[in-house]
Visitor: 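I'd like to ask you about the structure that follows.
Below, chain A is the first sequence line, B the second, and so on; all start at residue 1.
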Amino acid sequence: MTNTLPTDTEVAGMTPAASFLPRSALQTLLDLLLGQGYQVIGPRLDQGAIVYDSLERVEDLPAGWTEEQGPGLYRLQRRDDDALFGYAVGPHSWKRFLFPPQVNLMRSQQTDDGWRMSEVVQPVVRYAFLGVRACDLAAIAVQDRVFLQSGFVDKVYQQRREQALLIAINCTMAAATCFCTSMGSGPRCQQGYDLGLTELPSGFVVEVGSERGAALAANLPLEPLQDEQDQAAERARQRAVDDIGRRLDRDRVQTVLRERLQHPQWDAVAERCLSCANCTLVCPTCFCTSVDDVTNLTDQEVIRERRWDSCFNFDFSHISGGPVRDQTRSRYRQWLTHKLTTWVDQFGTSGCVGCGRCITWCPVGIDLTVEATLICQDQDADAETRS
Amino acid sequence: MSERPKLAVMKFASCDGCQLALLDLEDELLTVARAVQISHFAEASSHLEPGPYDLTLVEGSITTPEDRHRLLKLRADSKYLVTIGACATAGGIQALRNFADHDEFMRAVYARPDYIETLATSTPVAAHVKVDFELRGCPIDKYQLLEVIASLLAGHRPRTSTESVCQACKRRGTVCVVVTQNLPCLGPVTHSGCGAICPAYDRGCYGCFGPTVQPNTRALSDHVLLPRMASDQAALALHGINAYAPEFARGGQRLWQLAGLPKPLHPSLDASLETSLDTSLAASSATEPASS
Ligand code: SF4
Ligand code: SF4
Ligand code: SF4
Ligand code: SF4
């Protein structure tokens with residue numbers, strides 16, 4: 001199966017010619033996308049948060065809103081300007097559009113000649129994502145590896161991914177839960193986007209990242225980029241870098257975590273962990289599902305259904321004889337070691353891009369950066385702390 | 001079509017809401033009626049056939065000596081016996097009497113308590129007879145009921161996930177009310193099945209479907225409930241519709257103890273408590289909750 005996504009070399013080989021889109025022309029971009037048959041998904045205020053949902057008008061964007069985030073905490077807040085993208089990341093990720101929470105894969109029907117199996121035809125969806133952060137571009141690249149580039153091709157993901165147009169937005173602030181700088185994934189959008197934007201009060205600095213992006217840009221009322229706009233954008237992007245206070249020693253964790261499988265901190269975290277699976281379902285890279293055959297009452301039809309599942313579920317590791325990971329301790333350990341270490345063996349990248357969602361959306365505020373750091377810290381230092 | 005399996009719906013101490021789920025199936029009801037022979041369903045028809053039945057759906061908890069007797073006979077008459085709802089599965093809201101003085105309740109409610117003959121406790125069906133499958137909920141979800149009937153007819157285990165309510169929130173895109181609105185919520189320790197209705201309407205989960213597998217009620221109490229409500233309110237949250245479900249019973253008792261209002265179980269239940277509630281109540285109430 002050939003993969004039509006732009007490869008890293010293609011994107012890296014393209015010199016991004018930056019230009020400027022006045023804020024007043026953002027609606028033109030939306031209209032252009034809608035006119036080309038895209039369903040535009042972007043940030044909107046809903047349920048006390050900035051979520052990703054369909055939008056058609058600039059007025060749908062969360063102008064002047066931002067958020068406060070912390071372990072187990074999210075609060076909307078007003079900004080002192082009317083920035084449209086002045087927040088970090090919210091409860092949703094693009095995963096729910098590229099890799100939907102529930103899909104029907106196959107149908108079997110009983111006929112006079114026996115069972116007739118057919119694939120469920122998936123609706124063709126053409127998404128244009130507006131406001132993809134650097135960490136989320138990295139997360140999409142991780143899922144590309146899992147679903148497109150590791151031998152097995154997931155058709156549901158492939159169709160949606162090939163159609164999707166990614167309009168990235170460089171962060172100009174970070175949340176207290178962000179740690180993309182530690183994971184090498186942000187905050188600057190480097191590759192994997194069609195158009196890349198940096199927001200300034202008067203409009204957007206636009207970088208083209210793909211042929212599709214170039215074709216789109218050709219139809220936009222772009223202006224030549226002024227030096228002061230370029231410098232202002234650089235300063236705005238630097239603010240996000242300066243904002244990031246959370247750190248994870250990625251390389252140390254990648255080598256050490258798997259050697260500390262009996263560390264007492266696993267017991268401590270298991271006392272607090274609810275095994276509720278929120279962390280895995282908000283994570284933009286977690287990909288586990290379960291597949292069930294659902295029979296109807298008359299036994300004439302069976303639908304094969306796939307749903308998001310999680311390694312935190314008791315039944316998830318159930319094999320003949322019972323679940324392999326029958327305690328929260330082993331389930332949390334499975335999650336963290338897979339995310340931060342064995343994912344690298346399996347897919348050649350870390351499973352964590354540092355978006356911080358699992359920290360914010362854990363109801364008891366368990367913070368993987370704290371847990372991994374505690375478990376991997378120098379054993380002498382560890383002994384000192386405890387003595 | 002006399003070989004169609006015979007279905008019975010039987011009621012004990014309950015509100016009838018779970019049986020109504022069957023009638024509520026509307027679109028699928030005729031298919032159900034074709035797939036099984038509805039032999040005994042007083043809510044739907046006054047034509048009641050005697051047993052034996054192939055599949056008996058039992059609603060309600062056991063609260064009188066007469067009910068207990070009737071249940072024993074029903075079990076003998078049923079090939080598969082499935083409980084439907086929180087009353088039949090965990091004793092229901094009426095199991096609050098298990099933590100209170102039942103005689104005092106009777107004197108407060110009835111002018112002539114001596115006319116009333118009840119047990120001092122409300123217990124789940126499984127405390128009396130073998131149960132083949134327990135369907136959770138207050139009330140049950142009608143599509144889960146359909147799944148139970150369909151799977152038993154097809155001969156496999158019902159596909160009712162034991163995951164937490166949180167996962168239904170996440171799949172439907174509901175934003176967590178604990179994290180954004182600072183509301184208490186039982187969702188992380190509650191068995192899924194409802195589709196996460198309450199959080200979608202800005203309410204924390206009330207725990208209608210009872211505890212999930214290995215619910216960490218202690219961490220939920222200390223880090224989700226107690227920072228957001230007083231300990232007696234938190235105790236009431238766990239001691240609600242599924243008060244006598246073992247893990248909620250134990251978690252609630254610990255919170256009552258923290259509130260200085262210990263609520264011991266009725267003495268007739270103590271023996272079974274030790275086996276069904278394990279011994280960690282003593283251990284967990286002996287120490288203070290970990291500070292967050
Ligand atoms: S983790 Fe980095 S890229 Fe992602 S939202 Fe935060 S600052 Fe932006
Ligand atoms: S780490 Fe937090 S979100 Fe994840 S399962 Fe445990 S309690 Fe739930
Ligand atoms: S593990 Fe947490 S911080 Fe890392 S990518 Fe997943 S949700 Fe984001
Ligand atoms: S609202 Fe309640 S059930 Fe939903 S995710 Fe949050 S804690 Fe879980």
Visitor: Count the heavy-atom pairs under 4.5 Å between each of B/D202, B/T212, B/V177, B/T174 and chain A, then report the option with the highest count.
Guide: B/T174
Visitor: Of the options A/D293, A/D292, A/D315, which is the one that meets B/R159 in a salt bridge (Lys or Arg N to Asp or Glu O under 4.0 Å)?
Guide: A/D292
Visitor: Determine yes or no for a side-chain-to-main-chain donor-acceptor pair under 3.5 angstrom, with A/E271 supplying the side chain and B/A219 the backbone.
Guide: no
Visitor: Might you work through the side chain to side chain contact (heavy atoms under 4.5 Å, CB included) test for B/V178 and A/Y74, ending with a clear yes or no?
Guide: CA-CA 9 Å; B/V178 173; A/Y74 182 104; over 6 Å; no
Visitor: Using 0.5 Å steps for rounding, measure from the CZ atom of B/R171 to the CD atom of A/Q102.
Guide: 7.0 Å
Visitor: Could you tell me which non-hydrogen atom of A/L297 sits nearest to which non-hydrogen atom of B/A35, and how far apart they are?
Guide: O-CB, 4.4 Å
Visitor: For each of A/T328, A/L281, A/D309, A/N296, tally heavy-atom pairs with chain B at distances under 4.5 Å, and name the one with the top tally.
Guide: A/L281
Visitor: Of the listed residues (A/S275, A/G48, A/P363), which shares the most heavy-atom pairs with chain B below a 4.5 Å separation?
Guide: A/P363
Visitor: Check for a donor-acceptor pair, side chain of B/E147 on one end and backbone N or O of A/T295 on the other, with a separation under 3.5 Å.
Guide: no
Visitor: In terms of heavy-atom pairs under 4.5 Å, which option from A/D46, A/L73, A/V51 contacts chain B the most?
Guide: A/L73
Visitor: Do side-chain atoms of B/H223 reach the backbone of A/R272 as a donor and acceptor pair under 3.5 angstrom?
Guide: no
Visitor: Heavy-atom cut-off 4.5 Å, strictly under: side chain, backbone, both or neither for A/E67 against chain B?
Guide: neither
Visitor: Taking side chain as everything from C-beta outward and backbone as N, CA, C, O, which of these in B/V32 sits under 4.5 Å from a heavy atom of chain A? Side chain, backbone, both or neither.
Guide: both
Visitor: Could you tell me which portion of A/S290 (side chain, backbone, both or neither) has an atom closer than 4.5 angstrom to a non-hydrogen atom of chain B?
Guide: neither
Visitor: Starting from the C-alpha separation in whole Å, work towards a yes-or-no answer on side chain to side chain donor-acceptor pair (under 3.5 Å) for B/Q214 and A/R331.
Guide: CA-CA 12 Å; B/Q214 297 182 337; A/R331 295 199 286 272; 2.8 Å; yes
